[in-house]
Amino acid sequence: MPQSQGSFPPAGHEPGERWRAPYACRSSRSRGRLIGEPASATRGEFQRDRDRIIHSTAFRRLKHKTQVFVSHEGDHYRTRLTHTIEVAQIARALARALGLDEDLAEALALAHDLGHTPFGHTGEDALDECLAGFGGFDHNAQTLRIVTRLERRYADFDGLNLSWETLEGLVKHNGPLLDGEGRPTARYAKTGIPAAIVEYQHRQDLWLDSYASAEAQAAALADDIAYNAHDIDDGLRAGLFGHAELRSVPFLAELLDEIARLHPGLEAPRLTNELVRRIITRFVEDVIGEAQARLARLAPVDADAIRRAAAPVVAFSSAIETADRDIKGFLYPNMYRHPRIAPIRAQAAQVVRELFARFRAEPGAMPHEWAAGCDGLDEARRMRRIADYIAGMTDWYALDEHRRLFDVTPSLR
């Protein structure tokens, strides 16, 4: 695209300086909020979204929600909150380099994991099993429930009343939900679109058959970059694998060779840090270069041109896509399904399943604000209410609730 159209930084632009591309979302052109509100005198719409997310109860709970390791394993392992902060940093870096709206990218990064259960994906899988026959459980859909219904902070509405652009980006975190003929895409081909998303779609059309904004695409890739890098860091710290085992991934072997040439005999903690920072740098620089090439070919004149595109514009190159796949392929057996982690996962799933079964049999065992009104709900809505309560728990609170209700609670060690 010609530089005069503003798709690349202007001449003389310094690395890290802000600039705005024509395809960036603009707060002044937001499609607005479901419930109209007066404009802020000091903040744009996406800044307000970011601030509401940071001040939400669900955001604070992330500090005691598992990423991979439960909290007692050590102070230096990532939690959902520290992961989220790392994602936000990378999302802002991508947005700034590509001339996107940094506030929207940051808001999406900060909110993307609000719907996660206690005990990471283990808790999500267990809750999904508990809700078989009642629509299952999907953490993206749960995030939407939180920001549109479950947060109760404001006098005029439930939820956070976020802008259309932020809600769109959260729902389409993994791409379009419907194809051009209105059928669920691969992710939801078997289960169908989660009920929470379908219900909200009747209230406000989020364009489920299109890609999200470039800002949302940047936040989604920032998520991948962050957890690839920090899961390697945490796995090394935990002793689940060593630097030598990482050499089975060609991309990582090349980085380790580079570090060895520049810093021979480097002590293990510094070697790990040098590796992690190179992973992030290579991935971020690759995304920027690939996105610039795709944007030049597409020549989008506004944010909607990004949404209507046939493919994402913010993406990995084929080489880094291979590296991403190889890293995930290494981490799955060597970390997420490591023999040391498997018993903890089984115990965590047991806690979630037993809590759900108890509340299903005895809704009054939940706190009053959750139990109230359960008798008047049909079974599906009662099951969803129980899931909302459990999904909002931190690891610590879930274990405390289990101790309150059961004689024996797993130690998760």
Side-chain angles (χ1 to χ4, degrees), residues 1 5-9 19-25 86-102 104-109 112-113 140 165 168-180 185-188 207-231 249-252 255 278-329 331:
M1 190 190 306
Q5 292 187 21
S7 52
F8 299 121
W19 63 287
R20 187 62 64 87
Y23 47 78
C25 287
E86 292 181 24
V87 175
Q89 178 266 316
I90 295 171
R92 287 191 71 96
L94 292 174
R96 182 170 294 201
L98 295 171
L100 307 176
D101 189 286
E102 293 179 46
L104 176 57
E106 183 180 28
L108 289 164
H112 83 281
D113 268 355
N140 283 339
E165 290 76 11
E168 176 219 20
L170 292 176
V171 166
K172 295 187 280 188
H173 182 72
N174 296 304
L177 279 67
L178 299 174
D179 63 20
T185 50
R187 178 179 174 84
Y188 295 115
W207 294 18
L208 300 184
D209 60 351
S210 75
Y211 283 94
S213 64
E215 287 83 356
Q217 295 177 33
L221 281 194
D223 186 22
D224 279 349
I225 295 169
Y227 73 69
N228 276 347
H230 66 51
D231 283 358
V249 178
F251 172 78
L252 300 179
L255 296 184
R278 279 170 170 77
I279 293 170
I280 295 173
T281 298
R282 297 293 200 280
F283 271 69
V284 166
E285 291 177 351
D286 177 84
V287 170
I288 293 169
E290 180 68 16
Q292 287 175 338
R294 293 187 181 206
L295 288 164
R297 291 193 295 269
L298 182 65
V301 296
D302 57 21
D304 282 350
I306 301 286
R307 296 184 173 97
R308 291 191 296 266
V313 296
V314 185
F316 295 135
S317 69
S318 59
I320 290 297
E321 187 174 9
T322 297
D324 175 64
R325 185 169 56 250
D326 290 347
I327 290 172
K328 289 179 170 65
L331 288 172

If you round to the nearest 0.5 Å, how far is CZ of Arg187 from CG of Asn174? 4.5 Å
Rounded to the nearest 0.5 Å, what's the gap from CG on Leu208 to CD on Glu168? Could you check? 9.5 Å
Which atom pair, heavy atoms only, marks the closest approach of Tyr23 to Pro300? CD2-CG, 3.6 Å
Is the shortest side-chain heavy-atom distance between Glu290 and Leu221 below 4.5 Å? no
Could you tell me if the side chain of Leu108 sits less than 4.5 Å from the side chain of Leu170, heavy atoms only? yes
Shortest non-hydrogen contact from Ala91 toward Ala109: CB-CB, 4.0 Å
May I ask you to decide if Val249's main-chain N or O and Asp326's side chain share a donor-acceptor pair within less than 3.5 Å? no
Main-chain N/O of Pro176 paired to Thr185 side chain as donor or acceptor, under 3.5 Å: yes
Ring pair (Phe, Tyr, Trp, His ring centres under 6.0 Å) partners of residues 278-300, not counting sequence neighbours, each pair once: Phe251-Phe283, Phe283-Phe316
What's the separation between atom OG1 in Thr281 and atom CG in Asp286, rounded to the nearest 0.5 Å? 12.0 Å
For the residue pair Gly169 and Ala216, what are the closest heavy atoms and their distance? CA-CB, 3.7 Å
Hey, could you give me the OH/CG distance between Tyr211 and Asp304, rounded to the nearest 0.5 Å? 16.0 Å
Lys328 with Asp324: basic N within carboxylate O range, under 4.0 Å: yes
The side-chain contact (heavy atoms from CB on, under 4.5 Å) partners of Ala226 (sequence neighbours excluded) come to His83, Glu86, Val87, Ile90, His230
Find out whether Val284 and Leu94 are in side-chain contact, i.e. whether some heavy atom of one side chain is under 4.5 Å from a heavy atom of the other. yes
Glu106: partners by salt bridge (charged side-chain N to carboxylate O under 4.0 Å, His left out), with sequence neighbours left out: Arg50, Arg92
Quick one: are Ser213 and Arg307 in side-chain contact, heavy atoms under 4.5 Å? yes
Taking the side chain from Gln217 and the backbone from Val314, do they hold a donor-acceptor pair closer than 3.5 Å? yes
State, to 0.1 Å, how close Ala24 and Ala303 come at their nearest heavy-atom pair, and which atoms those are. O-CB, 4.1 Å
Nearest heavy-atom approach of Ala305 to Leu298 is O-CD2, 4.1 Å
Any donor and acceptor pair, going by atom type alone, linking the side chain of Glu215 with main-chain N or O of Cys25 inside 3.5 Å? yes
Within the 4.5 Å heavy-atom criterion, are Arg278 and Leu252 side-chain neighbours or not? no
Note: Gln292 and Ala97 closest approach over all heavy atoms is NE2-O, 4.4 Å
pair Val313-Leu98: side-chain heavy atoms closer than 4.5 Å: no
